[in-house]
Every structure is written in C-alpha cells, then in structure tokens.
Amino acid sequence: MKTTSPNVSRDGFARGAASAEQYCINSTEVQMMRQHVLKFYNPKNNLTFTRDELQTGQTLKYEVGRDIFNVSQDFLKVVPKESLLKDRHFDTCAVVGNSGILLNSNCGQQIDSMDFVIRCNL
C-alpha cells in the first residue's frame, strides 16, 4: 500500500513537487468533497451552458465581481446543443488553476493523462 508523502498535507493537497507514487487517495475526503460540490451544483445542468438556455443579446453576470458578458451570435455558434457532461462519468480528473504553481512541477504528463481536466480561472 502506498503511503502519504511528506509533501502532502493532512488536508490532502500536495505541497511542492510530488509524484503520483508518493501519495494515496483519501477516499473519505473524496466523498466529503463530492457531497459538498453536489450540495451547491448540479454538474449535469449547472456547469455548462447549452444553446437552449441562451439567446443572442442576453447578459450573463460572472459569479464573482461585477463583470458581465453579452451573448453574441458568434458565441452561440460554439455553445453545445447538449451538455458535454450529460450521461458521462470520468474515472480520473485534474483540477488546475492559473497561479503558476505548476510551472516546473513536472506534473504535465500526469495532468494530460487524466480523463477530464477542470481549469479554474479565479
């Protein structure tokens, strides 16, 4: 059985450069996080837009801040007709941000090997 690396804190987050072999999955934490996410989001409906939900000229407000986005005809052309997550299940995923913490971390191959990658631009 794999043991938790000293680079992984008690909250399950990696600290510093760590390889996949250096830590194990905390299934209790995974279940708690899954329950927390599902409490606030319905992934099949709320994480993606579909064409039926939007119309040209509609104004979308970002969840954080005061920025708004006006839906254009060009934008509607790239919006899927149906949710890309509908009836899908992914065995592995990576959640990455834009802070630069991954620069020179050698995590690229591991991230690329995931079935689904979520990019958060906060």
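Everything quoted here is computed from the prediction, not taken from an experiment.
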At their closest point, which heavy atom of [X] faces which heavy atom of [Y], and how far apart are they?
X	Y	value
V96	V117	CG2-CG1, 4.2 Å
Q73	T56	OE1-OG1, 2.9 Å
R119	G97	NE-O, 3.7 Å

Heavy-atom count around Q31 CD within 6.0 Å, excluding the residue itself: above 12? yes

Under 3.5 Å, is there a donor-acceptor pair between the side chain of [X] and the main chain of [Y]?
X	Y	result
E29	N26	no
T50	E82	no
D115	C93	no

[X] [atom1] to [Y] [atom2] distance, which is reported to the nearest 0.5 Å:
X	Y	atom1	atom2	answer
S72	L54	OG	CG	10.5 Å
L60	I68	CG	CD1	9.5 Å
K81	L76	NZ	CG	12.5 Å

Taking C-beta and beyond as the side chain, do I111 and L102 meet within less than 4.5 Å on heavy atoms? yes

For the residue pair F69 and F75, does the interplanar ring angle fall in the parallel (under 30°), tilted (30 to 60°) or perpendicular (over 60°) class? perpendicular

